[in-house]
Amino acid sequence: MNTIQVKAFGAASSDADLAQMEIPRRAVTATDVEIDILYCGVCHSDLHTARNDWGGSVYPAVPGHEIVGRVTSVGADVTKFSVGDLVGVGCIVDSCKTCSSCQQDLEQYCLNGFTGTYNGKDKHLDMQTFGGYSEKVIVSQDFVLRVPENLDAAAAAPLLCAGITTWSPLRHWNVKEGTKVAVVGLGGLGHMAIKLAKGLGASVTLFSRTPGKSEDAKALGADEIIISTDDAQMQSVKGKFDLIIDTVPYVHDVNPYVATLNISGTLVLVGYLGGLEPILNTVPMILGRKSVAGSVIGGIAETQEMLDFCGKHNIVSDIEMIDMQNINTAYERMLKSDVKYRFVIDMASLKK
Ligand code: NAP
Ligand code: ZN
């Protein structure tokens with residue numbers, strides 16, 4: 001298959017800084033959309049992948065799965081998009097479309113494995129996929145989202161991952177007017193969880209390690225802030241929540257949060273991947289019919305639902321715009337939780 005070369009920013013190995021490089025993209029097929037990337041959000045998963053935190057990273061690795069751009073060309077059979085449309089691409093660029101998950105619009109749980117926007121396996125080219133830290137991307141129309149034109153395009157970019165990753169559990173666990181939701185960690189995912197849960201009518205509590213974030217959390221819509229290292233504050237919300245969304249990226253003690261669930265409540269892990277330490281105590285789960293669950297991103301239809309909801313309610317991310325060349329500093333700041341609350345790359349900086 002023909003390829004084109006495009007400018008990108010990526011890591012040559014797990015211990016290398018990200019640097020400019022050229023990568024191949026497949027030529028536009030009949031069902032593909034070619035997108036000129038305007039903005040790309042910086043997710044903590046980008047850093048995990050660049051540094052091989054999860055194992056399995058293939059190099060060079062070009063991260064980026066919060067992509068917003070304009071359509072610059074479409075294949076002959078494309079019916080869903082036209083040149084000039086404002087579009088988004090999230091974490092998924094392909095799936096089998098035939099398994100029971102795909103047939104239920106749950107491509108994120110494709111039984112044959114979805115193709116990640118980066119570090120996946122391109123079905124057309126025999127190589128890894130490259131993400132949105134790049135000038136252009138070419139994606140099958142079935143995995144392209146429509147971004148409401150009334151939203152700020154840069155601030156909408158994080159909706160494509162941070163937004164859908166928190167929206168999907170809020171919807172699955174039926175959050176509505178009056179539901180008591182808590183969010184653990186005020187970062188990219190956490191701040192979107194607060195905004196979206198508020199948008200659905202829930203009351204929202206933030207659990208944070210960082211006292212300095214209280215005012216911001218209130219401004220984002222949180223009704224209450226609990227400092228998770230303060231035992232008295234933790235005790236004050238014992239048995240309170242219907243749903244907790246835990247966004248912490250690293251291993252941490254989940255037991256104190258289970259104690260804050262109401263009877264039949266659920267704690268959904270969306271951040272840390274791996275074995276829990278200290279181990280999970282089943283006693284409060286059994287005696288309170290409580291669940292500890294997990295959730296990954298969301299399907300394409302659900303992502304469009306979330307984008308349309310955000311368009312209607314004017315919900316976007318709070319962002320700090322950076323040039324592509326400053327990505328390594330941005331990663332260091334993200335590790336220190338020094339982000340308010342999502343970095344977004346202005347891709348014009350790469351095209352200069
Ligand atoms: P982020 O912006 O870095 O935010 C994470 C927040 O967690 C921090 O702001 C901090 O909040 C808290 N935190 C960080 N380190 C901690 C530690 N060691 N102990 C306790 N709290 C800690 O990251 P993000 O982009 O939101 O991503 C969060 C995680 O979700 C990452 O692991 C990412 O890979 C994962 N993720 C999963 C999915 C999915 O589909 N499941 C999708 C996207 C991302 P406070 O300062 O308020 O405590
Ligand atoms: Zn992400």
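Treat the numbers as computed from the prediction; the structure is a model and nothing was measured. All ligand and atom numbering here is 1-based and tracks the order in the structure.
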Legend entry - Common cluster, Val42/Phe9, ILVMFWY with side-chain heavy-atom separation under 4.5 Å: yes
Inset, instruction - List the closest protein heavy-atom neighbour of atom 40 (O) of ligand 1: residue, atom name, distance to the nearest 0.1 Å. - result: Ile297 N, 2.6 Å
Inset, instruction - For atom 47 (O) of ligand 1, find the nearest protein heavy atom and state the residue, atom name and distance (0.1 Å precision). - result: Ser208 OG, 2.6 Å
Inset, instruction - Tell me, with the steps shown, if Tyr59 and Asn52 meet side chain to side chain contact (heavy atoms under 4.5 Å, CB included). - result: CA-CA 10 Å; Tyr59 296 93; Asn52 203 20; 3.3 Å; yes
Legend entry - Those atoms of ligand 1 less than 4.0 Å from some heavy atom in Thr210: 45 (P), 46 (O), 48 (O)
Inset, instruction - Could you identify which residues cluster with Trp54, counting Ile, Leu, Val, Met, Phe, Trp and Tyr as linked when any side-chain heavy atoms lie under 4.5 Å apart, either directly or through a chain of such contacts? - result: Leu273
Legend entry - Residue part near ligand 1, for Ser295, under 4.0 Å between non-hydrogen atoms: backbone
Inset, instruction - Within a distance under 4.0 Å of any heavy atom of Trp54, pick out the atoms of ligand 1 and give their elements. - result: 34 (O)
Inset, instruction - State whether a side-chain donor-acceptor pair under 3.5 Å links Ser349 with Asp346. - result: no
Inset, instruction - Tell me, yes or no, whether the heavy-atom count around Lys121 atom NZ, taken from other residues, nucleotides or ligands under 6.0 Å, exceeds 12. - result: yes
Legend entry - Any donor-acceptor N or O pair under 3.5 Å, side chains Ser264, Arg289: yes
Inset, instruction - Number the atoms of ligand 1 from 1 as they appear, then name those within less than 4.0 Å of a heavy atom of Thr247, with their elements. - result: 28 (C), 29 (C)
Inset, instruction - Scan for ring pair (Phe, Tyr, Trp, His ring centres under 6.0 Å) pairs involving residues 80-137, sequence neighbours excluded, and state none if there are none. - result: His65-Tyr118
Legend entry - Nearest non-hydrogen protein atom, atom 3 (O) of ligand 1: His44 ND1, 2.6 Å
Inset, instruction - Answer side chain, backbone, both or neither: which part of Thr165 comes under 4.0 Å from ligand 1, heavy atoms only. - result: side chain
Inset, instruction - Identify the protein heavy atom lying closest to atom 37 (C) of ligand 1, giving its residue, its atom name and the separation to 0.1 Å. - result: Val270 O, 2.8 Å
Inset, instruction - Is it possible for you to say whether Ile345 and Met334 belong to one hydrophobic cluster, with membership spreading through side-chain heavy-atom contacts below 4.5 Å? - result: yes
Legend entry - Evaluation steps, side chain to side chain donor-acceptor pair (under 3.5 Å), between Thr29 and Asp32: CA-CA 5 Å; Thr29 71; Asp32 279 342; 2.9 Å; yes
Inset, instruction - Could you find the nearest protein heavy atom to atom 11 (O) of ligand 1 and give me its residue, atom name and distance? - result: Leu186 N, 3.2 Å
Legend entry - Passing option when Glu224 is tested against Gln233, Lys240, Lys218 for side-chain hydrogen bond (donor to acceptor under 3.5 Å, both in side chains): Lys240
Legend entry - Lys/Arg-Asp/Glu bridge criterion (N-O < 4.0 Å) met for Glu332, Arg51: yes
Inset, instruction - Determine, using the 4.5 Å side-chain heavy-atom cutoff (strictly less than), whether Leu269 and Val181 are members of one ILVMFWY cluster. - result: no
Inset, instruction - Run the numbers for me: atoms of ligand 1, each under 4.0 Å from some heavy atom of Cys43, listed by number. - result: 43 (C), 44 (C)
Inset, instruction - Write out the residue and atom name of the closest protein heavy atom to atom 26 (O) of ligand 1, then the distance separating them to 0.1 Å. - result: Leu189 N, 2.8 Å
Legend entry - Min heavy-atom dist Phe343 to ligand 1 below 4.0 Å: no
Legend entry - Pairing of Arg146 and Asp308 as salt bridge, 4.0 angstrom limit: no
Inset, instruction - Could you tell me if any non-hydrogen atom of Val248 lies under 4.0 Å from any atom of ligand 1? - result: yes
Inset, instruction - Number the atoms of ligand 1 from 1 as they appear, then name those within less than 4.0 Å of a heavy atom of Cys161, with their elements. - result: 42 (C), 43 (C)
Legend entry - Sub-4.0 Å heavy-atom contact, His252 with ligand 1: no
Inset, instruction - Not counting sequence neighbours, list each pair that qualifies as a ring pair (Phe, Tyr, Trp, His ring centres under 6.0 Å) and has a residue in residues 220-268. - result: His44-Tyr250, His48-Tyr250, Phe207-Phe241, Phe207-Tyr257
Inset, instruction - Pick, from Gly212, Pro249, Ala162, Gly185, the option with the minimum heavy-atom distance to atom 5 (C) of ligand 1. - result: Pro249
Legend entry - Phe143 reachable from Met1 in the ILVMFWY side-chain graph, under 4.5 Å edges: yes
Inset, instruction - Could you list which atoms of ligand 1 come closer than 4.0 Å to a heavy atom of Lys213? - result: 9 (O), 11 (O), 45 (P), 46 (O), 47 (O)
Legend entry - In one Ile/Leu/Val/Met/Phe/Trp/Tyr side-chain cluster, 4.5 Å: Val292, Met234: yes
Inset, instruction - Quick one: look up the protein heavy atom nearest atom 2 (O) of ligand 1 and list residue, atom name and how far away it is. - result: Gly188 N, 2.9 Å
Inset, instruction - For Gln141 and Thr31, test the side chains for any donor-to-acceptor distance below 3.5 angstrom and give the result as yes or no. - result: no
Inset, instruction - For Gly187, take its heavy atoms, then give the atoms of ligand 1 lying under 4.0 Å from any of them. - result: 2 (O), 4 (O), 9 (O)
Legend entry - Option with minimal heavy-atom separation from atom 14 (C) of ligand 1, where the choices are Arg209, His65, His48: Arg209
Inset, instruction - For the Zn ion (ligand 2), state how many protein N, O or S atoms fall inside a distance shorter than 2.8 Å. - result: 3
Inset, instruction - Look at ligand 1 and say whether Arg342 reaches it with a heavy atom at a distance under 4.0 Å. - result: yes
Legend entry - atom 34 (O) of ligand 1 [closest protein heavy-atom partner, distance rounded to 0.1 Å]: Ser45 OG, 2.8 Å
